[in-house]
Amino acid sequence: MYRGRVNEAGQEKGVDVSLALDLVQATHERRYDAAIIVSQDWDFGPAVRVAKLVARSQGRDLVFESAFPLGPGSSSRRGVPGTTWVPIDQATYDSCRDPRDYRRRRP
């Protein structure tokens, strides 16, 4: 679970960097064989590229996929660079989404 800061527009910031670092660290520590990134954010591309380099230096061939909702309101049909793109329907995405807000409430 990552807690980013929330900007004036209500958007959480900094979470993607934490996730990218975790992906590379988990690769280095050999903690997975397949990673599914539920995002279309191209900012994850460099982390995937580094994770692949780390895995290759370890003699491993990992699987990277990016899953994202694709429907009438979708603005893009592309996933994260360096991954296999897995479009999913909005109902599947919504059924996997955790609606809880894990950020600490400020007094």
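Across every non-hydrogen atom of Arg31 and Asp22, the tightest pair is NH2-OD1, 3.5 Å. When all heavy atoms of Asp16 and Phe44 are compared, the pair lying nearest together is O-CE2, 3.4 Å.
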Check the pair Val86 / Ile36 against side chain to side chain contact (heavy atoms under 4.5 Å, CB included), numbers first and verdict last. CA-CA 9 Å; Val86 183; Ile36 301 171; over 6 Å; no

Show me, pair by pair, the donor-acceptor contacts under 3.5 angstrom made by side chains of residues 65-73, not counting sequence neighbours?
residue: Ser66; atom: OG; partner: Val80; partner atom: N; Å: 2.9
residue: Ser66; atom: OG; partner: Thr83; partner atom: OG1; Å: 2.9

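Its side chain within the 4.5 Å cluster rule, Val17 clusters with Leu21 among the Ile, Leu, Val, Met, Phe, Trp and Tyr residues. Grouping Ile, Leu, Val, Met, Phe, Trp and Tyr residues whose side-chain heavy atoms lie under 4.5 Å apart, directly or via other members, leaves Leu53 alone, with no other cluster members.
Between the side chain of Lys52 and the backbone N or O of Gly82 there is at least one donor-acceptor pair closer than 3.5 Å.
By the salt bridge (charged side-chain N to carboxylate O under 4.0 Å, His left out) test, Arg60 is found to be paired with Asp33, residues two or more places apart in sequence or in another chain being considered. Shown here are the salt bridge (charged side-chain N to carboxylate O under 4.0 Å, His left out) partners of Arg77, two or more places apart in sequence or in another chain: there are none. With sequence neighbours excluded, the residues forming a side-chain contact (heavy atoms from CB on, under 4.5 Å) with Ala47 are Ala20, Leu23, Val24, listed by chain and number.
The aromatic rings of Trp85 and Trp42 sit tilted relative to each other, their planes meeting at an angle between 30° and 60°.
In the hydrophobic clustering of this structure, Val50 does not group with Ile37; members are Ile, Leu, Val, Met, Phe, Trp, Tyr whose side-chain heavy atoms approach within less than 4.5 Å, directly or through other members.
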